[in-house]
**Q** 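If you scroll down you'll find the structure; I have some questions about it.
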Amino acid sequence: MILIDGKKAAAELRAELREEVAELKSKHNKVPGLTVILIGDLTPSQIYVRNKEKSANEVGLKSEVIKYPDSVEEKTVLEKIQELNSDETVSGILVQLPLPKHIDKQKVIEAIVPSKDVDGFHPMNVGNLSSGYESSIPCTPLGCYLLIKKIEPNLSGKKAVVVGRSNLNGKPMTQLLLKENCTVTITHSKTKDLKAECLEADIIVAAVGIPELVRGDWVKKDAIVIDVGINKTDNGIVGDVHFDEVSKNAKALTPVPGGVGPMTIACLLKNTIDCFKRSQI
Ligand code: GUN
């Protein structure tokens, strides 16, 4: 079984991006900039944002974090986004989720100009991705896609099962696999016979948020299994895939942690650079 090393893949991607940033700097005399807005003091969000900033600096991006207290007014955030939309030194804007209840998430997402939407959450980018046009692609599914392509460069005709239908992961993942000519089945917590669906799959992407849902006897021999789950349990952090069981069957499997997670942040840097490049044309 191939243990898919997301840490190594992310480090390789960051090294490529570092070179690309250096080339862009010599060509344009400026570097791509990422601005992250962090509202409140949720610990996981703070850790994510710190890691994002560290990685952005490592590849040579200009990086800025704007912090607001939990009590900040929605208007203040929307005005800041407008300011960043027209700031030429800002290539990408990310508002860390989740947001406090009094702030309308969709309003915030739609306030970001699509050309700087490094999350790929704006309806314009969602639509462009589903139509097969150029767009920002949500970072986690993009990371999964790059890991799958490393194992199997030609996905044409493969059967893929995506477990989970979120806007963040399942739906964009489906679009990426469709673009590669996979036959894709989207399943979720209400699917009648999830095991039978998974048993058909050459590729399984589990992004449903249920600890160790995908069992060993759900997986065809030689399937590629990507685990997006990060679930806190009494036994520590586990994915949506039962690692020990599935590792006996699968051709390749991502661990949790150390699989998809590191790729997500590297893909955010890639998206920032891609936004910059599109803005220079
Ligand atoms: N919170 C957890 N994951 C994400 C993500 O991919 N983007 C944003 N903006 N917030 C998140």
Side-chain angles (χ1 to χ4, degrees), residues 6 10 13 33-56 61 63-68 70 72 74 77-78 80-81 84-85 90-101 103-126 129 135-147 164-176 205-209 226-232 237 239-240 256-257 259-275:
L13 179 53
L34 172 65
T35 298
V36 173
I37 297 179
L38 174 61
I39 302 169
D41 52 10
L42 285 176
T43 309
S45 291
Q46 285 181 327
I47 295 170
Y48 282 138
V49 169
R50 208 177 311 133
N51 286 337
K52 284 169 186 170
E53 199 179 16
K54 191 172 142 245
S55 302
L61 299 182
S63 153
E64 178 192 27
V65 178
I66 298 170
K67 292 183 182 169
Y68 290 112
D70 219 32
V72 67
E74 182 182 272
V77 179
L78 294 174
K80 176 52 80 175
I81 291 172
L84 296 170
N85 281 343
V90 176
S91 323
I93 304 165
L94 179 144
V95 180
Q96 184 67 25
L97 303 175
L99 296 174
K101 283 203 176 61
I103 297 181
D104 182 337
K105 180 175 87 175
Q106 201 55 23
K107 239 190 205 172
V108 167
I109 287 172
E110 290 183 23
I112 299 171
V113 68
S115 59
K116 296 190 180 187
D117 167 34
V118 281
D119 264 325
F121 294 166
H122 191 286
M124 176 101 85
N125 282 318
V126 176
L129 176 62
S135 68
S136 280
I137 298 166
C139 304
T140 300
L142 179 57
C144 295
Y145 165 80
L146 294 175
L147 292 175
R165 56 179 152 180
S166 69
N167 292 336
L168 211 73
N169 293 309
K171 285 181 196 154
M173 190 72 240
T174 298
Q175 298 299 350
L176 288 171
V205 180
V208 73
I226 306 292
D227 191 351
V228 181
I230 303 176
N231 306 295
K232 264 193 199 158
I237 302 276
D240 292 350
V256 177
V260 173
M263 282 299 279
T264 296
I265 293 186
C267 286
L268 170 65
L269 309 178
K270 177 174 161 40
N271 280 352
T272 306
I273 294 166
D274 288 345
C275 284

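In each ligand, atom 1 is the first atom listed, and ligand 1 is the first ligand listed.
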**Q** Inspect the surroundings of NZ in Lys270 and state if more than 12 heavy atoms from other residues, nucleotides or ligands are less than 6.0 Å away.
**A** no
**Q** Verify, without hydrogens or angle tests, whether Thr272 (side chain) and Leu268 (backbone) share a donor-acceptor contact under 3.5 angstrom.
**A** yes
**Q** Please determine if Leu94 has a nitrogen or oxygen closer than 3.5 Å to a nitrogen or oxygen of ligand 1.
**A**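 No - when backbone and side-chain N and O of Leu94 are compared with those of ligand 1, no distance drops under 3.5 Å.
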**Q** Would atom 3 (N) of ligand 1 count as contacted, meaning some protein heavy atom under 4.0 Å?
**A**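 Given the 4.0 Å cut-off, atom 3 (N) of ligand 1 does not count as touching protein heavy atoms.
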**Q** Answer yes or no: is there a donor N or O on one side and an acceptor on the other, between the side chain of Asn125 and the main chain of Val118, under 3.5 Å?
**A** no
**Q** In terms of atom number and element, which parts of ligand 1 are under 4.0 angstrom from non-hydrogen atoms of Val95?
**A**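 Going through ligand 1 atom by atom, the ones under 4.0 Å from Val95 are 8 (C), 9 (N).
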**Q** Quick one: does Asp117's side chain have a donor or acceptor within less than 3.5 Å of a partner on Ile112's backbone?
**A**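 Not a single qualifying donor-acceptor pair exists.
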**Q** Around atom 8 (C) of ligand 1, find the nearest protein heavy atom and jot down its residue, atom name and distance.
**A**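 Closest protein heavy atom to atom 8 (C) of ligand 1: Asp119 OD2, 3.5 Å.
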**Q** Between Thr264 and Thr140, is there a side-chain donor-acceptor contact under 3.5 Å, judged purely by atom types and distance?
**A** yes
**Q** Atom 11 (C) of ligand 1: which protein heavy atom is closest, and how many Å away?
**A** Gln96 NE2, 3.5 Å
**Q** Looking only at protein heavy atoms, identify the closest one to atom 10 (N) of ligand 1 and say how far it is in Å.
**A**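 Minimum-distance protein heavy atom for atom 10 (N) of ligand 1 reads Leu97 N, 3.0 Å.
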